[in-house]
Amino acid sequence: MLLGISHPQVSGLVTMGLSLVVTFLAALYVRTLVSWSRRTRGLPLPPGPKPLPFIGNMFDMPTSKMCEGYRDLTDKYGEKFGLTWSVPFS
């Protein structure tokens with residue numbers, strides 16, 4: 001008996017309280033996702049080469065003479081441009 005409450009009652013209160021906390025956190029997470037989705041919908045992406053599915057811009061990224069390669073991309077797309085990275089599954 002804890003504070004005049006029997007053990008099954010305490011267990012039920014803890015379970016109910018935990019359920020409320022989890023439900024509140026899940027609702028907050030969903031609300032944040034929806035809010036973020038509404039803010040970013042329709043915003044234009046920065047200019048850059050069109051990425052390929054699954055591999056992104058892997059073939060557009062310079063591998064040798066990187067300074068010259070990125071300078072060429074800057075000349076073509078402007079000072080700020082976007083490249084998409086892909087991560088292979090391991």
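Tracing side-chain contacts under 4.5 Å through hydrophobic residues (I, L, V, M, F, W, Y), one reaches L73 starting from M66; they form part of the same cluster. One hydrophobic cluster, built from ILVMFWY side chains closer than 4.5 Å, cannot hold both Y29 and L18; they sit in different ones.
Smallest separation of non-hydrogen atoms from P49 and G82: CD-O, 3.9 Å. Closest non-hydrogen pair, Y77 versus P47, comes out as O-CG, 3.4 Å.
The backbone N or O of T84 lies less than 3.5 Å from a partner atom in the side chain of N57, making a donor-acceptor pair.
How far NZ of K80 is from OG1 of T74: 12.0 Å, rounded to the nearest 0.5 Å. Interatomic distance, D60 CG to I55 CD1, rounded to the nearest 0.5 Å: 9.0 Å.
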Could you walk me through whether L83 and Y70 pass side chain to side chain contact (heavy atoms under 4.5 Å, CB included), step by step? CA-CA 11 Å; L83 294 173; Y70 284 114; 3.9 Å; yes
Could you go step by step and tell me if F24 and V22 meet the side chain to side chain contact (heavy atoms under 4.5 Å, CB included) rule? CA-CA 5 Å; F24 174 77; V22 169; over 6 Å; no
